[in-house]
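Scroll down for the structure; my scribbles are underneath it.
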Amino acid sequence: VGDGVTASEVMQEMQVECPKVADELPMAHDILVESGDAGEVLQAFEAALARGERPDARKYTLVISTLARGGELEKAEELASKAGALLGAAAYEELVAAHAQRGELEKAEVWRIRMEAAGLPPGGLAYWTLMSAFAAVGELPRARALFETFQKGMILEILAEGGVRLAELHYAALLKVVVGAKRKQRKLAKDLFIQMVRDNKIEPTMLSFQPMIDLLGTKDSTELCAELDLDAAALHARLAEDPV
């Protein structure tokens, strides 16, 4: 907190000096979560449980997310298993992302599947971290399968609410993942671009067209535009004026 005093020490002193006030602070570890110190967060959480406090979904999510981000992944998973139905979407996403960043893709997939089984909507963090991780090791079909799930959930919902540019941004991000992957797949990139334009009626800007140029080159990307009745000259002109 300052002057070499930790947040947990402050809370312990409050318990001794002002027990009535401390008792009125539901799950005092919330204060510690802000510090981002995984060890202190866990210590405060366990102390709160020992006092008989019962964490709700929000508090489980806060602590598990902090532990996962702080490198205490095994402890985060143990606590997540105890939380059961109280586990929130943000906690699932942090667990998926933490495993993916470690390169533990199968473990990340387990938590993503559990998240879906719990009826929680797909979120960007879990899906994009996993998609990028699969692409980085050449697992582009699995990256695409994840995107299809994401597309059927969040992207279609975004489009239904009129968020065309945000939907295009998701497609552009995946196209960049494909272009940057170890095993670049021209067909996969073309299929995604065609799905975006033809199926979802999203008119491309340079956000999504630039990755196609990078992968296919000017000639082939222009032919793709012709196939989709797009004005390739106008897109190329915009790129010259405002490169992405």
Side-chain angles (χ1 to χ4, degrees), residues 33 36-38 41 57-58 60-81 83 87-159 163 165-185 188-189 191-193 195-196 200 207-208 210-211 214-215 244:
V33 170
D37 187 307
V41 168
R58 173 180 170 274
Y60 266 121
T61 297
L62 282 171
V63 175
I64 291 167
S65 298
T66 304
L67 291 174
R69 273 186 252 129
E72 298 285 355
L73 187 50
E74 288 71 23
K75 291 178 180 177
E77 288 186 299
E78 182 182 340
L79 189 56
S81 297
L87 194 60
Y92 276 107
E93 293 215 333
E94 292 288 356
L95 290 168
V96 172
H99 276 301
Q101 287 162 2
R102 283 187 178 188
E104 300 168 346
L105 303 187
E106 299 309 323
K107 290 182 179 180
E109 270 283 72
V110 167
W111 282 106
R112 183 190 67 80
I113 291 168
R114 287 182 185 176
M115 178 181 177
E116 289 185 355
L120 297 171
L125 176 63
Y127 278 81
W128 283 113
T129 306
L130 251 183
M131 277 188 272
S132 298
F134 277 128
V137 296
E139 293 273 6
L140 286 172
R142 296 184 74 174
R144 182 179 186 177
L146 282 171
F147 184 78
E148 291 299 334
T149 303
F150 186 68
Q151 195 253 154
K152 290 173 185 174
M154 183 170 283
I155 290 184
L156 292 184
E157 185 178 321
I158 290 169
L159 285 170
R165 290 285 72 84
L166 180 56
E168 185 197 7
L169 186 60
H170 284 297
Y171 272 100
L174 183 60
L175 287 168
K176 287 179 181 178
V177 165
V178 173
V179 170
K182 285 184 177 179
R183 300 173 189 168
K184 299 174 183 176
Q185 292 193 9
L188 172 57
D191 286 349
L192 288 168
F193 191 78
Q195 180 191 73
M196 182 188 81
N200 287 331
L207 278 173
S208 54
Q210 178 64 68
D214 294 340
L215 183 63
V244 177

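The first residue of the sequence shown is numbered 1, and numbering continues consecutively from there.
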Under the side-chain hydrogen bond (donor to acceptor under 3.5 Å, both in side chains) rule, what do Gln195 and Asp191 come out as? Steps first, then yes or no, please.
CA-CA 6 Å; Gln195 180 191 73; Asp191 286 349; over 6 Å; no
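- Residues passing the side-chain contact (heavy atoms from CB on, under 4.5 Å) test with Ala118 are Tyr92, Leu120, sequence neighbours excluded.
- Within the 4.5 Å cutoff, the side chain of Arg142 has no heavy atoms near those of the Leu105 side chain.
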Could you please spell out the steps behind the salt bridge (Lys or Arg N to Asp or Glu O under 4.0 Å) verdict for Arg165 and Glu168?
CA-CA 5 Å; Arg165 290 285 72 84; Glu168 185 197 7; 2.9 Å; yes
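- Side-chain contact between Lys107 and Arg102: absent, with no pair of heavy atoms (C-beta onward) separated by less than 4.5 Å.
- When all heavy atoms of Pro211 and Leu175 are compared, the pair lying nearest together is CB-CB, 3.8 Å.
- Every residue was checked against the side-chain contact (heavy atoms from CB on, under 4.5 Å) condition with Ile113, not counting sequence neighbours, and none meets it.
- Within the 4.5 Å cutoff, side-chain heavy atoms of Val96 are placed close to those of Leu130.
- Closest heavy-atom contact between Phe193 and Ser208: CE1-O, 3.8 Å.
- To the nearest 0.5 Å, atoms CD1 (Ile64) and CD (Glu78) are separated by 10.5 Å.
- A pairwise comparison of heavy atoms in Ala143 and Met131 identifies O-CG, 3.4 Å as the closest pair.
- You'll find the side chain of Trp111 reaches within 4.5 Å of the side chain of Leu87, heavy atoms only.
- Atoms CG and CZ, from Leu192 and Phe147 in turn, are 6.0 Å apart once rounded to the nearest 0.5 Å.
- Taking CZ from Arg69 and CG from Leu95, the interatomic distance works out to 11.0 Å, rounded to the nearest 0.5 Å.
- Considering all non-hydrogen atoms of both residues, Ala76 and Ala68 come closest at CB-N, 3.9 Å.
- Ala108 and Ala100 get closest at one heavy-atom pair: CB-N, 3.9 Å.
- Residues satisfying the side-chain hydrogen bond (donor to acceptor under 3.5 Å, both in side chains) criterion with Gln101, sequence neighbours excluded, are absent altogether.
- Rounding to the nearest 0.5 angstrom, the gap separating the CG atom in Leu67 from the CG atom in Leu62 is 11.0 Å.
- Atoms CZ and CZ, from Arg112 and Arg114 in turn, are 13.0 Å apart once rounded to the nearest 0.5 Å.
- Here Leu174 contributes atom CG and Leu188 contributes atom CG; the two are 6.5 Å apart, rounded to the nearest 0.5 Å.
- Paired with His99 under the rule side chain to side chain donor-acceptor pair (under 3.5 Å), one option of Glu77, Glu109, Glu94 passes, and it is Glu77.
- Checking side-chain atoms of Thr61 against main-chain N and O of Gly88 turns up a donor-acceptor pair under 3.5 Å.
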